[in-house]
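Remarks on the structure that follows.
Indexing begins at 1, ligand by ligand and atom by atom, following the structure's order. Residue numbers run from 1 in the order of the sequence given.
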Amino acid sequence: MSDTRHTKVLIIGSGPAGYTAGVYAARAMLEPLLVQGIEPGGQLTTTTEVENWPGDSEVQGPDLMIRMEAHARAMGCDIVGDIITSLDLSKRPFTAQSDSGTVYTADAVIMCTGARAKWLGLPTEEKFKGFGVSACATCDGFFYCGMEIAVIGGGNTAVEEALFLTNFASKVTLIHRRDELRCEKILEHRLLKNPKIETLWFHELEEVYGTDSPLGVEGIKVKHTKTGEITDLPVKGVFIAIGHAPASELVKDQLDLHSGGYVAVDAGSTRTAIPGVFAAGDLTDHTYRQAVTSAGMGCMAALDAEKFLAEQE
Ligand code: FAD
Ligand code: NAP
């Protein structure tokens with residue numbers, strides 16, 4: 001028989017938005033319950049140094065998230081290691097089914113499911129995923145000690161990953177489809193002066209190739225975006241860093257979405273189209289997508305939920 005747990009506020013997601021919502025909702029005496037999901041701590045657990053979190057000129061992403069979790073717990077937020085598999089927002093209390101079998105019911109829901117890495121969608125990228133193709137340098141960089149690797153993308157993530165990977169790799173080639181990066185200037189400066197990094201502009205990944213038994217990458221073919229010329233690079237690892245897509249699967253048929261999947265909220269608030277359902281962080285924000293803005297929206301969502309619940313009483 002499945003266990004049912006009722007809470008006034010169910011927070012789904014454990015990134016900066018979720019934990020901050022947990023801190024504020026707990027301090028509002030709402031006894032929130034937070035479900036962490038498959039990635040406890042969220043995206044920042046996949047990076048190393050974070051240099052733009054106010055109050056810390058440098059902090060490791062995973063350490064920051066451990067501190068946020070401890071903070072939310074200390075304030076009284078109930079934090080559960082579980083994954084929400086479906087959500088029914090058609091009537092109150094809202095109902096969430098989970099991977100563990102527990103059914104969560106809630107008077108208000110704060111959605112903080114963030115975003116997930118995007119893939120290029122090439123068959124050979126899929127074939128070697130986990131065997132030379134990765135989307136997480138901090139998770140997999142260590143496997144490439146002394147080897148040549150490639151990073152695909154031109155944003156903050158790609159540049160940070162390329163820089164981080166120089167700790168292991170003999171050479172890193174950053175492959176970008178344009179000749180202009182969209183990362184912060186300080187990162188661009190570090191990238192361009194790093195002797196282990198080479199940039200390949202106007203190129204896209206065409207194919208990953210390697211051995212079948214054992215499965216492993218031996219190289220990639222990249223195509224010039226203007227001339228179509230194919231170049232072969234003998235790399236052992238490829239890191240795809242082309243951005244993130246919002247994790248809106250749970251609500252895509254129930255809430256209004258914008259800009260290709262981000263949950264729409266009323267301007268200046270975290271209220272969604274359904275009263276009692278709030279959204280915060282990268283799930284709703286296609287513009288800023290930062291830890292500090294996500295945390296700020298988590299705070300707003302808890303305050304919006306508090307106001308909503310007070311109005312119901
Ligand atoms: P996320 O951090 O994406 O967390 C989403 C959470 O939702 C996860 O805990 C996940 O487990 C949970 N979840 C998802 N689906 C479910 C489900 N079905 N059930 C339950 N839980 C679920 N920002 C900065 O400000 N500074 C940086 O230096 C920086 N570096 C970055 C480096 C990298 C490599 C990446 C990828 C991002 C970086 N960012 C940085 C961006 C920052 O990490 C994000 O803006 C921030 O983490 C978004 O927070 P969030 O709470 O909205 O969601
Ligand atoms: P992003 O900013 O969206 O950049 C994605 C990059 O991948 C772009 O350069 C894009 O090229 C390229 N790209 C996208 N699709 C592609 C495709 N199909 N083929 C080839 N290239 C493709 O994503 P991100 O770097 O993951 O950053 C996401 C958010 O997190 C941003 O808001 C970022 O600021 C934040 N973040 C912040 C930090 C930090 O503050 N230090 C660190 C990491 C991430 P084009 O440029 O041509 O579009």
Side-chain angles (χ1 to χ4, degrees), residues 10-21 34-54 56 58-61 64-65 68-69 80-87 96-99 104 110-122 135-139 151-161 163-164 174-184 186-187 201-205 222 225 239-251 279-298 301:
L10 176 66
I11 300 167
I12 305 178
S14 56
Y19 284 145
T20 308
L34 182 153
V35 177
Q36 288 180 304
I38 201 162
E39 190 176 59
Q43 291 171 63
L44 280 189
T45 61
T46 68
T47 191
T48 49
E49 291 92 6
V50 174
E51 296 179 346
N52 50 17
W53 179 255
D56 286 308
E58 188 184 312
V59 58
Q60 296 291 310
L64 178 60
M65 296 320 298
M68 280 196 207
E69 176 179 347
V80 181
D82 202 351
I83 301 167
I84 301 300
T85 50
S86 68
L87 191 57
Q97 309 286 336
S98 76
D99 194 46
Y104 301 92
I110 301 180
M111 295 294 305
C112 304
T113 47
R116 293 198 195 110
K118 277 190 201 162
W119 296 94
L120 290 164
L122 300 171
C136 177
T138 39
C139 319
V151 175
I152 315 292
N156 274 327
T157 302
V159 174
E160 282 193 343
E161 301 230 318
L163 288 164
F164 174 72
L174 183 100
I175 298 164
H176 184 33
R177 62 184 176 183
R178 299 186 291 136
D179 66 346
E180 198 184 327
L181 297 165
R182 62 167 73 233
C183 66
E184 290 171 9
I186 188 168
L187 292 177
W201 306 123
F202 295 117
H203 277 81
E204 280 178 335
L205 183 62
V222 291
T225 54
F239 287 81
I240 313 292
I242 59 164
H244 288 75
S248 51
E249 300 85 5
L250 289 172
V251 295
D282 279 14
L283 175 66
T284 170
D285 168 27
H286 77 301
T287 309
Y288 304 106
R289 294 175 297 173
Q290 300 295 301
V292 68
T293 48
S294 297
M297 282 186 262

Which of the atoms in ligand 2, numbered in the order shown and given with their element, are less than 4.0 Å from a heavy-atom of [X]?
X	result
Arg178	45 (P), 46 (O), 47 (O)
Gly154	6 (C), 7 (O), 8 (C), 9 (O)
Leu120	17 (C), 18 (N), 19 (N)
His244	26 (O)

Ligand 1 contacted by Arg116 (non-hydrogen, < 4.0 Å):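 Per 4.0 Å heavy-atom rule, Arg116 contacts ligand 1.
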
Nearest neighbour of atom 2 (O) of ligand 1 from the list Gln36, Gln43, Met65, on a heavy-atom basis: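 Looking at heavy atoms only, the winner is Gln43.
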
Selected option - heavy-atom contact closest to atom 49 (O) of ligand 1, from Ala137, Pro16, Gly281, Gly243: Pro16

For [X] and [Y], which heavy atoms make the closest approach, and how far apart are they?
X	Y	answer
Ile242	Ile152	CG2-O, 3.8 Å
Ala280	Ala301	CB-CB, 4.1 Å
Thr20	Ala295	CG2-O, 3.1 Å
Ile240	Lys118	CG2-O, 3.9 Å

With a 4.0 Å heavy-atom cut-off (strictly under), which part of [X] contacts ligand 2: side chain, backbone, both or neither?
X	result
Glu184	side chain
Leu181	neither
Glu160	side chain
Arg289	both

Side-chain donor-acceptor contact under 3.5 Å, Asp82 with Ser98: yes

Side-chain donor-acceptor pair present, Tyr288, Asp282, cut-off under 3.5 Å: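 Result is no, nothing qualifies.
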
Heavy atoms only, cut-off 4.0 Å: how does [X] contact ligand 1, side chain, backbone, both, or neither?
X	answer
Asn52	side chain
Ala247	neither
Thr85	neither
Thr113	both

Using a plain distance cutoff, I'd like to know if [X] has any nitrogen or oxygen under 3.5 Å from a nitrogen or oxygen of ligand 1.
X	result
His244	no
Ala115	yes
Asp82	no

Ligand 2 contact by His176, heavy-atom criterion under 4.0 angstrom: yes

Partner set under disulfide (SG to SG under 2.5 Å) for Cys136, not counting sequence neighbours: Cys139

Check ion pair Arg178-Glu204 (N to O, under 4.0 angstrom): no

Proximal atoms of ligand 1 relative to Ile84 (non-hydrogen, under 4.0 Å): 17 (C), 18 (N), 19 (N), 20 (C)

Check against side chain to side chain contact (heavy atoms under 4.5 Å, CB included), Ile12 and Leu10: CA-CA 6 Å; Ile12 305 178; Leu10 176 66; 4.0 Å; yes

